Each structure stands twice: as structure tokens, then as C-alpha cells.
Amino acid sequence: MAVCLGLCRSGKLKQRVDASVSLLGKCCLCPHGCGLNRLAGDAGKCCTYRQAAVSRYGHHPGEEAPLVGRDGSGSVFFADCNLSCLFCRNHHISHLGEGHKVTKQELVYIMLWLQVRGCHNIKLASPTRVFPQILETLQLLAKQFPVTRTSIS
């Protein structure tokens, strides 16, 4: 988060957010490169709209220790996927679209909830095509909670 705070203060995060959101106008965020205008409400081949859709989120202590630290990871599973693999472990999420659209503020609340639960980090499942929305969320977090570098451990 310290990197995001520095980028936010310098204005570079806003530039990156703006550049990534503009990609939604002629979507090229997954290998399909469908070119649809997600800003106008169209869904790409990956079934993703302007807003990200979250299937589920929660504390996930069951991964390898180097990845989850002492207290486990927080996981956010985005609905749908851009690959549709036949061997997918999360078929109900990635193929069936199980989930609901979330606003940037709702994604902020999800991330803060995971932090309050003691999660060491936040893992994002199938984030490629919602990268602009993730950057917008990080920008919103940095603006709402502008901590100093010395307060980050």
C-alpha cells in the first residue's frame, strides 16, 4: 500500500487509473481482445461489464505459508473469467457467472473487512479483466486512508 500512497501523492496513480479505464472503451484486457465498449455498458466475451463482479471473498488460511504469512490471506474471487478452461477448479464462479457487481466503494469495504479479519495480504482470483477497477479501488483507498509512510509496518 505504501507504493500506492506514494503514487497517489505524486499524481501518477491517477494517470495510471485514467489510462487503464480508457482501455475499457475498446476492451483489450484479456486474450480475446473483443474491443467492446465496457464503458457504455457492453459486456465483453469474458462477460465483464464496467463494474467488477465479485463472487465471494473471505479469510483463506489454507495456502502455503510463504504466501499467506502468519494469519492467512484474504481472497477476492471475481466472477466470470477470460479463459473458460475445461479443468477449472472454480467452474461455478468462472463459467456460471456466480456473483454480483460491486462499486469501487464496495470493493474498498471488502478489502478493509479482510484487513480487519487479520489477513496478511489480499489475493485476487481472475483479476486481469478488472485491473482498471482494482486500480480505481486502490486510488480510493489511498485517498480515504492517507497514512504516513512511518505508520506502515
Side-chain angles (χ1 to χ4, degrees), residues 1-24 27-31 38-39 43-44 46-85 87-153:
M1 189 63 183
V3 172
C4 286
L5 291 170
L7 289 172
C8 189
R9 287 187 194 110
S10 71
K12 290 181 181 177
L13 183 57
K14 180 178 179 353
Q15 292 171 352
R16 293 176 187 187
V17 167
D18 292 345
S20 67
V21 168
S22 73
L23 296 174
L24 297 174
C27 193
C28 60
L29 292 167
C30 78
R38 288 171 47 192
L39 294 172
C46 61
C47 301
T48 305
Y49 294 88
R50 170 62 178 97
Q51 285 182 289
V54 172
S55 178
R56 60 184 55 146
Y57 59 92
H59 184 247
H60 194 274
E63 299 286 347
E64 294 82 3
L67 300 177
V68 300
R70 185 180 53 223
D71 299 318
S73 284
S75 295
V76 178
F77 291 88
F78 291 100
D80 298 305
C81 182
N82 57 339
L83 298 176
S84 301
C85 301
F87 54 84
C88 182
R89 288 181 52 188
N90 298 310
H91 181 270
H92 55 290
I93 296 169
S94 61
H95 292 110
L96 304 179
E98 180 184 290
H100 63 282
K101 292 179 187 175
V102 294
T103 65
K104 294 175 282 193
Q105 188 62 49
E106 288 170 320
L107 199 49
V108 165
Y109 290 143
I110 289 170
M111 290 181 177
L112 291 174
W113 183 84
L114 292 169
Q115 181 181 15
V116 168
R117 297 269 305 165
C119 296
H120 178 76
N121 57 27
I122 298 175
K123 300 182 312 172
L124 307 172
S126 300
T128 305
R129 73 224 180 282
V130 293
F131 183 72
Q133 294 90 328
I134 293 166
L135 278 182
E136 288 178 311
T137 300
L138 292 177
Q139 181 182 32
L140 191 56
L141 268 167
K143 286 181 178 179
Q144 289 182 348
F145 303 97
V147 296
T148 63
R149 186 169 179 79
T150 56
S151 66
I152 299 171
S153 55

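Along the sequence shown, residues carry numbers from 1. In this text the structure is predicted, and so the values were computed from the model without any measurement.
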Practice item. Say whether, by atom type as modelled, one donor and one acceptor occur between the side chain of H100 and the main chain of A79 under 3.5 angstrom. Key: no
Revision key, fill the gap. Closest non-hydrogen atoms of F78 and P127, given as atom of the first, atom of the second and distance, are CD1-CA, 4.1 Å
Check your understanding: Which pair of heavy atoms, one from D80 and one from C47, lies closest together, and at what distance?
Key -> OD2-O, 3.4 Å
**Study point:** Side-chain heavy atoms of L29 within contact of L24, under 4.5 Å
**Key:**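 Counting from C-beta outward, L29 and L24 do come under 4.5 Å.
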Check your understanding: So, do Q105 and Q144 sit near enough that their side-chain heavy atoms are less than 4.5 Å apart?
Key -> yes
Practice item. Carefully, step by step, assess L114 and V76 under the rule side-chain contact (heavy atoms from CB on, under 4.5 Å). Key: CA-CA 9 Å; L114 292 169; V76 178; 3.8 Å; yes
Residues 116-126, side-chain donor-acceptor partners within the protein, below 3.5 Å, at least two apart:
residue : atom : partner : partner atom : Å
N121    : OD1  : S73     : OG           : 2.4
N121    : ND2  : L67     : O            : 2.6
K123    : NZ   : E63     : OE2          : 3.1

Name the atoms and distances for all side-chain donor-acceptor pairs under 3.5 Å in residues 48-58, with sequence neighbours left out.
residue : atom : partner : partner atom : Å
T48     : OG1  : C46     : O            : 3.4
T48     : OG1  : R129    : NE           : 2.9
R50     : NH1  : E136    : OE1          : 3.2
R50     : NH2  : E136    : OE1          : 3.3
R50     : NH2  : E136    : OE2          : 2.7
Q51     : NE2  : V102    : O            : 3.3
S55     : OG   : E98     : O            : 2.9
R56     : NH1  : H92     : NE2          : 3.2
R56     : NH2  : E98     : OE2          : 2.5

Euclidean distance, [Y] [atom2] relative to [X] [atom1], rounded to 0.5 Å:
X: S22; Y: L39; atom1: OG; atom2: CG; value: 8.0 Å
X: L141; Y: Q115; atom1: CG; atom2: CD; value: 8.5 Å
X: E106; Y: W113; atom1: CD; atom2: CH2; value: 15.0 Å
X: L107; Y: Q133; atom1: CG; atom2: CD; value: 9.0 Å

Exercise for review: Sequence neighbours left out, what passes salt bridge (Lys or Arg N to Asp or Glu O under 4.0 Å) with D18? Give chain and number order.
Suggested key: K14
Point to revise | Given V108, I110, V17, T103, the one that forms side-chain contact (heavy atoms from CB on, under 4.5 Å) with T137 | key: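 Exactly one option meets the side-chain contact (heavy atoms from CB on, under 4.5 Å) with T137, and it is V108.
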